[in-house]
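For reference, the structure is listed below as structure tokens.
Order of the sequence lines sets the chain letters (A, B, ...), proteins ahead of strands, with each chain counted from 1.
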2 protein chains.
Amino acid sequence: MTQAKKNKDGRISAQNKALILAAAEKEFAKHGFNGTRIQQVADAAGLPKTNVLYYFKSKHDLYVEVLEQILSLWNSAFDEASIDDDPADVLARYIAEKMEISRTKPEASKIFALEIINGAPNLHSFFKEQHIHWMDGRVSLLQSWIDQGRLHTRDPYALLFHIWACSQHYADFGAQIEVLKGEPFDEHAFSEATKDLIELILKGCGLHVPERYK
Amino acid sequence: MTQAKKNKDGRISAQNKALILAAAEKEFAKHGFNGTRIQQVADAAGLPKTNVLYYFKSKHDLYVEVLEQILSLWNSAFDEASIDDDPADVLARYIAEKMEISRTKPEASKIFALEIINGAPNLHSFFKEQHIHWMDGRVSLLQSWIDQGRLHTRDPYALLFHIWACSQHYADFGAQIEVLKGEPFDEHAFSEATKDLIELILKGCGLHVPERYK
DNA sequence: TTATCGGTTGACCAGATGGTCAGGTTTTTG
DNA sequence: CAAAAACCTGACCATCTGGTCAACCGATAA
């Protein structure tokens, strides 16, 4: 039917697309956009290369869809925090969330980092604007807390950057950390690292670490 | 003469090699190893492609030499710090050094980050071992300070990771930061960011920020 | 003058890779 | 049960790119 003309998500379609996207996420994380071969993605998904091109018009298309899927992970409870909330609580939770993503979705984090390092050439400008808007809102919240004397840091932007930098570091540099520390960086180690980071940042802002994050 | 057989560093040679390495550093930082074309490097250096291949046997060779050149930047005063030094002073200086590299050599920092994200496939194992050795030494120094009650943080490894993560962040994500903050990230902004980071980390470790870094 | 040698370069190639296409099969739909 | 739509895929191709090669240049030494 003409109604179904644009509906490309039959049962099989949805299933295969998901399969391919998952495989692509891993491959892109490992080798970057240029270093990834469509054939590799196909192999990882257990399908012939042509089939990958059937669902995604081009390599670039596939990459963009992977990226869009990743962006949905970036939502957070911090998005809705208000001035009446407790800064220590909100920040600790935000850090914990970011660390959790680094642990459970390191590939996504890597791809995001690679994309940003290269100047975000594939992120639609609407995303950038949206991000700036989000940033403005969060920064003024932090600034309010600073003005109230409930948060002691000079630059709220810098605070956010530092949280991102450190949490993402654990995703991006996971392998390096294992080598340098000489022990596997497992769930428990991640939990310890999260506590450490929360303590560092909160103390650095003159905040008291909530019991549950100690 | 047979003596000069291996001497490939005549005046012209040294000059051209330096030219090519500088161009390669920029290109690799922009596009990564796979995304960089030898032709691009050649164009950036103002030489024909064949000439690049004359000085560097292969693209991979060129990349490794760029990488080795970068590694020399990683030396620091922190390397020689001893237990008798003041933790606050040593750490503040170390952070300032790292930030300075991010400001003056962002390309080098980017390449290093990209290399590490990909699991450091091109770093010779002797470098890794050397790095581990360095790390062990620095961690035990930090641990000594902790044991003496002069430094208050749980995991010295994590402390180093956080310093690296934040300072490198300013190199890697420079473009993103400009967009999000909506103003150029110049020398002055870098100086402010450095102070902020020093304050965050030192306060986070229960240290007092030395006057000169305020 | 001539041999040598570092340096230079255009022409060329083999392999890899993104992407197309036509024809086939399976599933859905009326 | 057809017809249509969705799905699948082997064969193929245009292009790109790392790397080779052989000829050539220009300075210096014998």
With a cut-off of 6.0 Å (strictly less than), are more than 12 heavy atoms of other residues, nucleotides or ligands near CD of B/E183?
yes
On DNA chain C, more 5' by nearest nucleotide between B/L47 and A/H60 is B/L47
Would you mind reading off the distance between A/L53 atom CG and D/dG10 atom C1', rounded to a whole angstrom?
14 Å
Are OP1 or OP2 of D/dC8 and a side-chain N or O of A/N16 less than 4.0 angstrom apart?
yes
Phosphate oxygens OP1/OP2 of C/dA16: is one of them under 4.0 Å from a side-chain N or O of A/R37?
no
Whole angstrom is fine here: how far is it from CD1 in A/I12 over to P in C/dT25?
16 Å
When you check the gap from the basic side-chain N to the acidic O, do A/D79 and A/R138 get nearer than 4.0 Å?
no
So, do B/F185 and B/Y170 have ring centers that fall under 6.0 Å from each other?
yes
If the cut-off is 4.0 Å, is B/Y55 near the phosphate of C/dT8, judged by side-chain N/O to OP1 or OP2?
yes
Under 3.5 Å side-chain donor-acceptor pair for A/E65 and A/Y55:
no
So, is A/Y54 near the phosphate of D/dC7, with a side-chain N or O under 4.0 Å from OP1 or OP2?
yes
Report yes if a side-chain nitrogen or oxygen of B/N34 is closer than 4.0 Å to either non-bridging phosphate oxygen (OP1 or OP2) of D/dT17; otherwise report no.
no
Is the phosphate of D/dA6, meaning OP1 or OP2, less than 4.0 Å from a side-chain N or O of A/R11?
no
Look at the side chain of A/K49 against the base of C/dG19 and say whether a donor-acceptor pair falls under 3.5 Å; ignore hydrogens and angles.
yes
